[in-house]
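Let me begin by presenting the structure, written as structure tokens, before commenting on it.
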Protein chains: 2
Amino acid sequence: MNSHTSLSRGAGVALWRQISEALEREIRDGVHPAGARLPTEAELSERFGVNRHTVRRAMAELEEQGLIDVTQGRGTFVHLGAIAYLIGRRTRFHENMRRENRAARLELLESATEQASGPIARELEVTAGTPVIRLDTRSHADGLPLSLASHYFPAARFPGLVEIFRETGSVTASFARFGIADYTRRRTRVSARLPDAREQRLLEITRTRPVMATEAINVDAEGAVVEFGLSSFASDRIQLVFEG
Amino acid sequence: MNSHTSLSRGAGVALWRQISEALEREIRDGVHPAGARLPTEAELSERFGVNRHTVRRAMAELEEQGLIDVTQGRGTFVHLGAIAYLIGRRTRFHENMRRENRAARLELLESATEQASGPIARELEVTAGTPVIRLDTRSHADGLPLSLASHYFPAARFPGLVEIFRETGSVTASFARFGIADYTRRRTRVSARLPDAREQRLLEITRTRPVMATEAINVDAEGAVVEFGLSSFASDRIQLVFEG
DNA sequence: GGGTATTTGTTCGTATGTATT
DNA sequence: TAATACATACGAACAAATACC
């Protein structure tokens, strides 16, 4: 009666890798369903007959792959596959969430009026130093953070925007107050990277789960730039869909 | 004369984190220029007055962030910042690379004719089991791998596609042989994740650098689906730009 | 609310294997 | 071949966060 799961020592493949592959198989096979708690490090090191460090190396790999979530003092859990969709181009955040039947919220983290720096000015098509309004927001769907964003607007065109946004909680609704019935996405740049400390905290993700970083330009019916936005999306919770 | 760099012990911040932050600062400040070799783990553990394991933990963090490249037996080097751009929507790979003045190559890794599985069939708008041609490709810009892709085509419409692609090395040029002068992108889905083993190898990236995974549908002038493509892009080398 | 047990996180030490130069 | 440098693995101890009573 050996409770150990046999690993091949001295073969070409590291023990920690054999362990992570065994656990990955078990997770994919449903031995540990989504949300389930995994055995503790101590129990696993007992089961596999290795040092706790070796188990920890394997767990780090699984966390990196997004298969498990680890919390100090709590334990290790099979990652809850959270799916979500979003749309590009001409759609709005609240509209999107409504289509997905999700409770939407756009939280205002911070706001300021600043002088446009070089890159911001170029995207907004104003001269550097022109006053711009910056709104830092965090979006939620069903209570889970989806994205962080910094929205930049030409201050001259949108006096009192911050208060209006505080009322409406929506960029689209705020634009409407200024007579902008429609606006469209001129361009979106997408890249991917690992999150910085702020993103990890505010998006509630671990440091090994990538974010999609976007730069977006919105223009009014006349083609004038009304908003430049820098966003980062929790890639585990969202997929960007561009239709054209 | 203490050659140690002072760390604060017993403060709230782990030693390995202080070390990775110190090295990150040095790299960003140009103390270690891109491509430069970093001191060995032994030298760093001496400098910071910690165990080599603690240095290794810090190095793992920097590698995860993409700041350094580590190779067994060789040493540790500051990551060479490779930049590249790409475009979305109605443009073509070779056209893109020409605009960026980069040497483009689309390498055929594998090809096969298969029966369409459920998801593939749905996207290609054919019934499941219909024969489809699959082309697995790898794209390069200036010799560096940019992306991997699996392209699916309805086999009935494109007899002999594989040989034609082998000749032309281009999807667009192959389509032209079948009388398709133009085709457009109907939809693109974008997500981000960490690369699997195959992607790590073929894209020549480490396991901590994210890839952008895309699903794309191309249609001809009549709106019929001519191609469904699954790609993964090395996010360190490319940025996706969607214009609309 | 508070103390205790549990569980993961950090750090040290040591030994040996493997890839590169 | 020898030296160097990173990779893996074991053991021990304490810290920090959480859960439980």
Side-chain angles (χ1 to χ4, degrees), chain A residues 4-23 32 35-64 67-79 197 200-201 204 206-208, chain B residues 4-23 32 36-64 67-79 197 200-201 206-208:
Chain A
H4 289 198
T5 299
S6 62
L7 304 178
S8 69
R9 298 182 100 101
V13 52
L15 293 180
W16 66 261
R17 191 169 287 281
Q18 298 180 52
I19 294 170
S20 75
E21 282 168 4
L23 291 174
H32 310 289
R37 177 183 194 151
L38 289 179
T40 67
E41 295 174 350
E43 288 167 336
L44 288 172
S45 60
E46 165 65 19
R47 166 181 162 193
F48 288 105
V50 299
N51 190 274
R52 202 181 127 221
H53 283 310
T54 309
V55 169
R56 280 179 63 73
R57 182 67 188 83
M59 300 302 247
E61 173 70 18
L62 293 176
E63 187 181 22
E64 204 167 78
L67 258 63
I68 62 174
D69 298 310
V70 185
T71 314
Q72 179 175 172
R74 241 164 63 84
T76 305
F77 301 84
V78 178
H79 182 72
Q200 289 168 37
R201 182 166 35 85
E204 294 169 19
T206 59
R207 93 175 165 279
T208 63
Chain B
H4 288 197
T5 299
S6 62
L7 303 178
S8 69
R9 299 181 99 100
V13 181
L15 292 180
W16 66 261
R17 193 169 285 282
Q18 298 181 51
I19 293 170
S20 74
E21 282 168 3
L23 290 175
H32 310 291
R37 177 186 194 146
L38 288 180
T40 68
E41 295 175 348
E43 288 167 336
L44 288 172
S45 60
E46 165 66 19
R47 167 182 161 193
F48 288 105
V50 299
N51 189 275
R52 213 189 99 212
H53 282 312
T54 309
V55 168
R56 278 179 65 74
R57 183 66 189 85
M59 300 303 247
E61 172 70 18
L62 293 176
E63 186 182 20
E64 202 168 81
L67 258 63
I68 62 174
D69 299 309
V70 185
T71 315
Q72 179 174 173
R74 241 164 60 84
T76 305
F77 302 84
V78 179
H79 182 73
Q200 290 167 38
R201 182 167 34 87
T206 61
R207 93 176 164 280
T208 63

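In what follows, every chain begins at residue 1, and chains take the letters A, B, ... in the order their sequences are listed.
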For [X] and [N], what is the distance between atoms [atom1] and [atom2] respectively, to the nearest whole Å?
{"X": "B:W16", "N": "C:dT8", "atom1": "CH2", "atom2": "C1'", "result": "14 Å"}
{"X": "A:L62", "N": "C:dT8", "atom1": "CG", "atom2": "P", "result": "13 Å"}
{"X": "B:Q18", "N": "C:dG9", "atom1": "CD", "atom2": "P", "result": "19 Å"}
{"X": "B:Q72", "N": "D:dA9", "atom1": "CD", "atom2": "P", "result": "12 Å"}
{"X": "B:F77", "N": "D:dA5", "atom1": "CZ", "atom2": "C1'", "result": "10 Å"}
{"X": "B:L7", "N": "C:dC12", "atom1": "CG", "atom2": "C1'", "result": "15 Å"}
{"X": "A:E46", "N": "D:dG11", "atom1": "CD", "atom2": "P", "result": "12 Å"}
{"X": "A:M59", "N": "C:dT7", "atom1": "CE", "atom2": "C1'", "result": "11 Å"}

Would you please confirm or rule out a distance under 4.0 Å between OP1 or OP2 of [N] and any side-chain N or O of [X]?
{"X": "B:R56", "N": "D:dC6", "result": "no"}
{"X": "A:R9", "N": "D:dC10", "result": "yes"}
{"X": "A:N51", "N": "D:dA9", "result": "no"}
{"X": "A:T54", "N": "D:dC10", "result": "yes"}
{"X": "A:R74", "N": "D:dA19", "result": "yes"}
{"X": "A:T76", "N": "C:dT8", "result": "yes"}

A:R74 versus A:R37, closest heavy-atom pair with distance: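 What the structure gives for the nearest pair is O-NH2, 2.8 Å.
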
Any N/O donor-acceptor pair, A:R52 side-chain to C:dG9 base, under 3.5 Å: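 Such a pair is found, so the answer is yes.
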
Check: C:dG9 base within 3.5 Å donor-acceptor of A:E41 side chain: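 Answer is no: no donor-acceptor pair is held.
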
A:M59 side chain reached by A:L23 side chain, heavy atoms, under 4.5 Å: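 In short, these two side chains touch, coming nearer than 4.5 Å.
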
Side-chain touch A:H32/A:I68, heavy atoms, less than 4.5 angstrom: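 No - every pair of side-chain heavy atoms lies 4.5 Å or more apart.
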
Side-chain donor/acceptor of B:R56 to backbone N/O of B:N51, under 3.5 Å: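 No, B:R56 side chain to B:N51 backbone: no donor-acceptor pair under 3.5 Å.
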
Expected output: side-chain A:Q18 to main-chain A:V13 donor-acceptor under 3.5 Å: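 A pair under 3.5 Å: yes.
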
Residue met sooner reading DNA chain C from 5', once B:R57 and A:E43 are mapped to nucleotides: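 Its nearest nucleotide lies further toward 5', so the answer is A:E43.
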
Earlier contact from the 5' end, DNA chain D, for B:T40 and B:H53: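 Nearest nucleotide further toward 5': that of B:T40.
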
